[in-house]
Visitor: 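Below you'll find the structure I mean.
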Amino acid sequence: MRRSLFLALMLVFVLSSWALAAKTYLLKTEVQVEPISKARLIELWVPIPLEDNFQKIESIKVKAPGPYEIMKEKEYGNKFLHMAWESALPKGAKLEIEVKLTRQEVSPRPWKKDIPLRLLLPDQLVPVETFESMAKEIAGDKKDPVAKLRAIYDYVITHMKYQKTGTGWGRGDAIWACNNRRGNCTDFHSLFMGLARAQGIPALFQMGLPVPSNGGLIKGYHCWLLTFPDGMLYGIDASEAAKHPEKREYFFGHLCDSRIALTQGRDILLAPAQHGPRLNFIYKAYLEVDLKPSPKKVKTTYKVEIVK
């Protein structure tokens, strides 16, 4: 009896701790498909925010111009709302999704769950073997995986500049980032992934949205990493650390809760699978017309309200 009461109280404590530590957001997604005068098949995929240890979905409301399905792909567990039209759309189409979710800060902690082998393998723009000698040099004589991770973190922040100018940035091309030493969050974290995986440290790429301090229109995306050095979990946001040197210590291990995770992984296969090539990453709606990608025919707008 006492043991049952103790377990019940512990459960209440854990749930209360989550509620106190988490922020609640209302994410409003509007997808506008432009008029398409000639087509036999039109397909639309829209990412649905992730659910994991740090983000929970409370409710989903959809206002769609026809039947839809929400499906989950197997490789990374991403979810997508999928719609299809077996005809043209001369007037276009509008879709609205409202998701209420809670988001918790990520902090270093033991990690007992299985870590997929996929998180050590290369992506199309993130090779591993290419970075082996470089990663070994950065790690030096360090044996502890956390110390190796910190060495990679310091290297990337020191040698990369957050700079969105010229061409080539924003694709998450690890070799380009290494050679050019600049870019945005995708470039920072692709280089980081390549170096970490080359040292045998699993790294998971997550793509999402930054939450403005007062809510409102979200003007761009943001990405970060979850890394798993020797049975631990460390969140990594190297690009934010580069932009805000005063937060350099914090973003080694921590991820603030002012973000919403949409998808994870690279070289994404949608659900159901798209007919075009795997996607480098995805944070907005994806459209195919007669089996061909048609990015210019669809627009995605995100707005967020801070509930608490």
Visitor: Which is it for E34 and K91 under the salt bridge (charged side-chain N to carboxylate O under 4.0 Å, His left out) test, yes or no, and what are the steps along the way?
Guide: CA-CA 8 Å; E34 299 299 319; K91 295 183 179 180; over 6 Å; no

Visitor: Taking D187 for the side chain and A177 for the main chain, is one N or O donor matched with an acceptor at less than 3.5 Å?
Guide: no

Visitor: Rounded to the nearest 0.5 Å, what separation is found between the CD1 atom of I201 and the CZ atom of F228?
Guide: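 Rounded to the nearest 0.5 Å, the CD1-CZ separation comes out at 12.0 Å.
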
Visitor: Are any non-hydrogen side-chain atoms of L125 and R266 less than 4.5 angstrom apart?
Guide: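 When only atoms from C-beta onward are counted, R266 and L125 do touch, with a gap below 4.5 Å.
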
Visitor: Going through the checks in order, is the side-chain contact (heavy atoms from CB on, under 4.5 Å) test met by Y76 and I268?
Guide: CA-CA 8 Å; Y76 290 107; I268 302 295; 4.1 Å; yes

Visitor: Evaluate the ring planes of Y250 and H254, with Trp represented by its six-membered ring, and classify them as parallel (under 30°), tilted (30 to 60°) or perpendicular (over 60°).
Guide: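 Rings of Y250 and H254: parallel, under 30°.
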
Visitor: Verify, without hydrogens or angle tests, whether Y153 (side chain) and R248 (backbone) share a donor-acceptor contact under 3.5 angstrom.
Guide: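 Side chain of Y153 to backbone of R248: a pair is present.
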
Visitor: Do R103 side-chain atoms and I260 backbone N/O form a donor-acceptor pair below 3.5 Å?
Guide: no

Visitor: List the steps and the verdict of side-chain contact (heavy atoms from CB on, under 4.5 Å) for L262 and M207.
Guide: CA-CA 6 Å; L262 292 177; M207 173 60 74; 5.6 Å; no

Visitor: Given 3.5 Å as the limit, does a donor-acceptor pair link the side chain of H222 with the main chain of C185, or not?
Guide: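 No.
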
Visitor: Does CD belonging to E246 count more than 12 external heavy atoms closer than 6.0 Å?
Guide: yes

Visitor: Quick one: do R150 and D154 make a salt bridge, cutoff under 4.0 Å?
Guide: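 Looking at R150 and D154, the cut-off is met.
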
Visitor: Determine the minimum heavy-atom distance between T227 and A203, stating which atoms define it.
Guide: CG2-CB, 4.1 Å

Visitor: Quick one: does any side-chain atom of T263 pair with a main-chain N or O of I282 as donor and acceptor, under 3.5 Å?
Guide: yes

Visitor: When you compare the side chain of V99 with that of T29, does any pair of heavy atoms fall below 4.5 Å?
Guide: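 When only atoms from C-beta onward are counted, V99 and T29 do not touch, as no gap falls below 4.5 Å.
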
Visitor: Please say yes or no: joined through hydrophobic side-chain contacts below 4.5 Å, possibly via intermediate residues, are I70 and I57 part of one cluster?
Guide: yes

Visitor: Rounded to the nearest 0.5 Å, how far does CD1 of I157 lie from NZ of K243?
Guide: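 It comes to 12.5 Å.
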
Visitor: Is any side-chain heavy atom of F205 closer than 4.5 Å to one of L225?
Guide: yes

Visitor: Would you say R109 has more than 12 foreign heavy atoms packed within less than 6.0 Å of its CZ?
Guide: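 Yes, enclosed.
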
Visitor: Indicate the atoms forming the closest heavy-atom contact of P229 with P145, along with that distance.
Guide: CB-CB, 3.8 Å

Visitor: Under the salt bridge (charged side-chain N to carboxylate O under 4.0 Å, His left out) rule, what do E75 and R278 come out as? Steps first, then yes or no, please.
Guide: CA-CA 12 Å; E75 187 172 18; R278 284 178 174 250; 2.9 Å; yes

Visitor: Can a donor-acceptor pair be found, under 3.5 Å and without considering hydrogens, that links the side chain of E288 to the backbone of G276?
Guide: yes

Visitor: Is the side chain of D267 donor-acceptor paired with the backbone N or O of D123 at a distance under 3.5 Å, no angle test?
Guide: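 Checking the backbone N and O of D123 against the side chain of D267, no donor-acceptor pair under 3.5 Å is found.
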
Visitor: With a 4.5 Å heavy-atom cut-off, do L191 and I175 have their side chains touching?
Guide: no

Visitor: Q104 and D257: side-chain donor and acceptor closer than 3.5 Å?
Guide: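 There is no such pair between these side chains.
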
Visitor: What verdict does the salt bridge (charged side-chain N to carboxylate O under 4.0 Å, His left out) test give for D237 and R259, after you've listed the backbone C-alpha separation in whole Å, the side-chain angles of each residue and the deciding distance to 0.1 Å?
Guide: CA-CA 12 Å; D237 198 334; R259 63 189 69 214; 3.1 Å; yes

Visitor: CZ/R181 to CZ/F188 distance, rounded to the nearest 0.5 angstrom?
Guide: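 Nearest 0.5 Å value for the CZ-CZ distance: 12.0 Å.
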
Visitor: Is the shortest heavy-atom distance from the side chain of E96 to the side chain of K61 under 4.5 Å?
Guide: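 Side chain of E96 against side chain of K61, heavy atoms only: no contact under 4.5 Å found.
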
Visitor: Is there a donor-acceptor pair closer than 3.5 Å between any side-chain N or O of N78 and the backbone N or O of Q264?
Guide: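 It does hold such a pair.
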
Visitor: Could you measure the distance from the CG atom of N53 to the NZ atom of K56? Nearest 0.5 Å is fine.
Guide: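 Answer for the CG-NZ pair, N53 versus K56, is 6.5 Å.
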
Visitor: What is the minimum heavy-atom distance between I42 and A39, and which atoms define it?
Guide: CG1-CB, 3.8 Å

Visitor: Applying a strict under-4.5 Å side-chain criterion to I, L, V, M, F, W and Y, I'd like to know whether M160 and L195 cluster together.
Guide: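 The answer is yes; both residues are in one hydrophobic cluster.
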
Visitor: Where is the tightest heavy-atom contact between Q55 and P49, given as atom of each residue plus distance?
Guide: NE2-CB, 3.7 Å

Visitor: Okay, side chain of N180, backbone of R182: is any donor-acceptor separation there less than 3.5 Å?
Guide: no

Visitor: Under 3.5 Å, is there a donor-acceptor pair between the Q32 and K94 side chains?
Guide: no

Visitor: What's the verdict on side-chain contact (heavy atoms from CB on, under 4.5 Å) for L81 and L95, showing C-alpha distance, side-chain angles and the deciding distance?
Guide: CA-CA 10 Å; L81 184 148; L95 171 70; 3.8 Å; yes

Visitor: Return the orientation label for the Y283 and Y221 ring planes: parallel under 30°, perpendicular over 60°, tilted otherwise.
Guide: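 Answer is tilted, since the angle falls between 30° and 60°.
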
Visitor: Kindly assign one of parallel, tilted or perpendicular to the pair Y234 and F252, based on the angle between their ring planes and the thresholds 30° and 60°.
Guide: tilted

Visitor: Can you find a pair of side-chain heavy atoms, one from S258 and one from K23, that are under 4.5 Å apart?
Guide: yes

Visitor: Run K28 and E305 through salt bridge (charged side-chain N to carboxylate O under 4.0 Å, His left out) and show every step you take.
Guide: CA-CA 8 Å; K28 298 180 179 181; E305 294 180 12; 2.9 Å; yes

Visitor: Mind checking whether L209 and L101 sit in one hydrophobic cluster, side chains of I, L, V, M, F, W, Y counted as touching below 4.5 Å?
Guide: yes

Visitor: Identify whether L44 and L270 are in the same connected component of the hydrophobic contact network (ILVMFWY, side-chain heavy atoms under 4.5 Å).
Guide: no

Visitor: Which heavy atom in R171 sits nearest to a heavy atom in F281, and how many Å separate them?
Guide: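 Heavy atoms only, the tightest pair is O-CE2, 3.9 Å.
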
Visitor: Going hydrophobic residue to hydrophobic residue with side-chain gaps under 4.5 angstrom, can you get from L255 over to F54?
Guide: yes

Visitor: Minimum heavy-atom separation for V304 and P212, please, with both atom names.
Guide: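 Residues V304 and P212, closest heavy atoms: CG1-CD, 3.9 Å.
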
Visitor: Measure the spacing between CG of L89 and NZ of K38 and express it to the nearest 0.5 Å.
Guide: 15.5 Å

Visitor: We want to know whether T165 and Q163 form a side-chain donor-acceptor pair, criterion being a heavy-atom distance below 3.5 angstrom.
Guide: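 Side chains of T165 and Q163: pair found under 3.5 Å.
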
Visitor: Please tell me whether E69 and H82 have a donor and an acceptor in their side chains that are separated by less than 3.5 angstrom.
Guide: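 Side chains of E69 and H82: pair found under 3.5 Å.
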
Visitor: So that I know where these two stand, are F80 and W45 an aromatic pair - ring centroids less than 6.0 Å apart?
Guide: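 Not close enough - the centres of the two rings lie 6.0 Å or further apart.
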
Visitor: Could you walk me through whether L27 and I218 satisfy the side-chain contact (heavy atoms from CB on, under 4.5 Å) test, starting with their C-alpha distance in whole Å, then the side-chain angles of each, then the deciding distance to 0.1 Å, before giving a yes or no?
Guide: CA-CA 10 Å; L27 179 66; I218 299 176; 4.2 Å; yes

Visitor: Once rounded to the nearest 0.5 Å, what's the spacing between atom CG of L204 and atom CG of L233?
Guide: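 The distance works out to 10.0 Å.
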
Visitor: So do the side chains of L217 and Y302 get within less than 4.5 Å of each other, counting heavy atoms only?
Guide: no

Visitor: I want to check something: taking the side chain as every heavy atom from C-beta on, are Q206 and C223 in contact at a cut-off of under 4.5 Å?
Guide: no

Visitor: Kindly say whether P277 contributes a backbone atom to a donor-acceptor pair with the side chain of Q274 at under 3.5 angstrom?
Guide: yes

